[in-house]
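Numbering of ligands and ligand atoms starts at 1, following listing order. Treat the numbers as computed from the prediction; the structure is a model and nothing was measured.
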Amino acid sequence: MKVFVLNGPNLGRLGKREPAVYGSTTHADLAELCVKTGGELGIDVEVRQTDHEGEMVGWLHEAADGRNPVVLNAGAWTHYSIAVRDAAAQLAAPLIELHISNVHKREAFRHHSVLSDIATAVIAGLGVDGYPLALRWLAANAG
Ligand code: DQA
């Protein structure tokens with residue numbers, strides 16, 4: 001089984017970006033953690049990040065066609081992108097919506113997600129530790 005971990009806008013700046021909110025782990029460190037966790041779980045994990053909505057939509061189409069589970073941190077798109085939602089709605093395998101921060105403790109505009117009602121589960125507020133948790137659940141329950 002191959003799982004896609006797809007990170008949206010500004011997440012390439014992890015480590016530099018508002019460390020009090022998102023922590024000091026870089027995106028490269030996060031990708032390494034996910035691939036290492038996948039190795040321990042016996043699953044392939046591919047981690048990608050983009051600041052371009054159309055590219056994210058294309059990756060979700062690829063996961064839909066490949067019937068791949070997805071861990072999706074859509075960043076700000078979470079809160080308003082119907083295009084990302086419509087692409088995610090086509091997935092055949094589980095979708096885990098993930099947020100590093102607890103969006104519900106933050107500004108009101110972060111409380112609404114256009115993804116949560118089509119996601120299998122939502123993880124928010126566990127920092128980057130949420131990613132290996134999501135992968136562990138998928139290894140046990142998807143595919
Ligand atoms: C985020 C939360 C979003 O509100 C924000 O726009 C992000 C990151 C998180 O991981 O906590 O870019 O998805």
Side-chain angles (χ1 to χ4, degrees), residues 1-41 43-64 66-142:
M1 175 172 68
K2 180 171 182 171
V3 176
F4 286 126
V5 174
L6 302 180
N7 290 319
N10 296 299
L11 290 164
R13 293 182 56 79
L14 280 177
K16 288 189 246 188
R17 172 193 187 195
E18 298 180 84
V21 178
Y22 297 110
S24 56
T25 304
T26 65
H27 191 271
D29 292 340
L30 171 62
E32 200 182 309
L33 172 68
C34 290
V35 170
K36 181 172 151 264
T37 303
E40 290 164 11
L41 295 168
I43 57 173
D44 281 340
V45 177
E46 188 164 329
V47 184
R48 301 180 187 174
Q49 188 275 328
T50 184
D51 293 329
H52 302 280
E53 194 176 12
E55 187 163 39
M56 178 62 82
V57 167
W59 290 346
L60 289 165
H61 293 168
E62 191 182 329
R67 305 184 79 79
N68 304 100
V70 173
V71 179
L72 176 62
N73 185 344
W77 294 327
T78 304
H79 310 300
Y80 68 87
S81 175
I82 306 304
V84 171
R85 176 200 164 90
D86 286 350
Q90 298 172 44
L91 294 170
L95 165 69
I96 311 292
E97 174 185 346
L98 189 143
H99 303 287
I100 294 168
S101 65
N102 180 353
V103 282
H104 299 288
K105 276 209 309 213
R106 301 182 62 198
E107 302 95 325
F109 65 83
R110 296 187 204 276
H111 298 177
H112 178 67
S113 164
V114 299
L115 300 171
S116 297
D117 67 308
I118 56 162
T120 307
V122 181
I123 296 175
L126 297 180
V128 293
D129 292 345
Y131 288 83
L133 280 174
L135 293 170
R136 217 164 280 286
W137 187 89
L138 287 169
N141 296 283

### Query
So Thr37 and Arg136, side-chain hydrogen bond (donor to acceptor under 3.5 Å, both in side chains) or not? Walk me through it.
CA-CA 8 Å; Thr37 303; Arg136 217 164 280 286; 5.1 Å; no

Nitrogen or oxygen contacts under 3.5 Å, ligand 1 side and protein side:
unit_1   : atom_1 : unit_2 : atom_2 : d
ligand 1 : 4 (O)  : His79  : NE2    : 2.7
ligand 1 : 4 (O)  : Arg110 : NH1    : 2.9
ligand 1 : 6 (O)  : Ala76  : N      : 3.1
ligand 1 : 6 (O)  : Arg110 : NH1    : 3.1
ligand 1 : 10 (O) : Asn73  : ND2    : 2.8
ligand 1 : 10 (O) : Ile100 : N      : 2.7
ligand 1 : 11 (O) : Ile100 : N      : 3.2
ligand 1 : 11 (O) : Ser101 : N      : 2.9
ligand 1 : 11 (O) : Ser101 : OG     : 2.6
ligand 1 : 12 (O) : Arg17  : NH1    : 3.1
ligand 1 : 12 (O) : Arg17  : NH2    : 3.0
ligand 1 : 13 (O) : Asn73  : OD1    : 2.8
ligand 1 : 13 (O) : His99  : ND1    : 2.8

### Evaluation steps, side-chain hydrogen bond (donor to acceptor under 3.5 Å, both in side chains), between Tyr22 and Asn10
CA-CA 11 Å; Tyr22 297 110; Asn10 296 299; over 6 Å; no

### Task
Could you tell me whether Glu40 and Lys36 have a side-chain N and a carboxylate O separated by less than 4.0 Å?
yes

### Message
Checking the side chain of His104 only, and the main-chain atoms of Gly125 only, is there a donor and an acceptor separated by less than 3.5 Å?
### Response
no

### Message
I'd like to know if the side chain of Glu97 reaches the main chain of Ser116, judged simply by a donor and an acceptor atom lying under 3.5 Å from each other, with no hydrogens or angles considered.
### Response
yes

### Gap between atom CG of Leu60 and atom CZ of Arg85 - 0.5 Å precision
13.0 Å

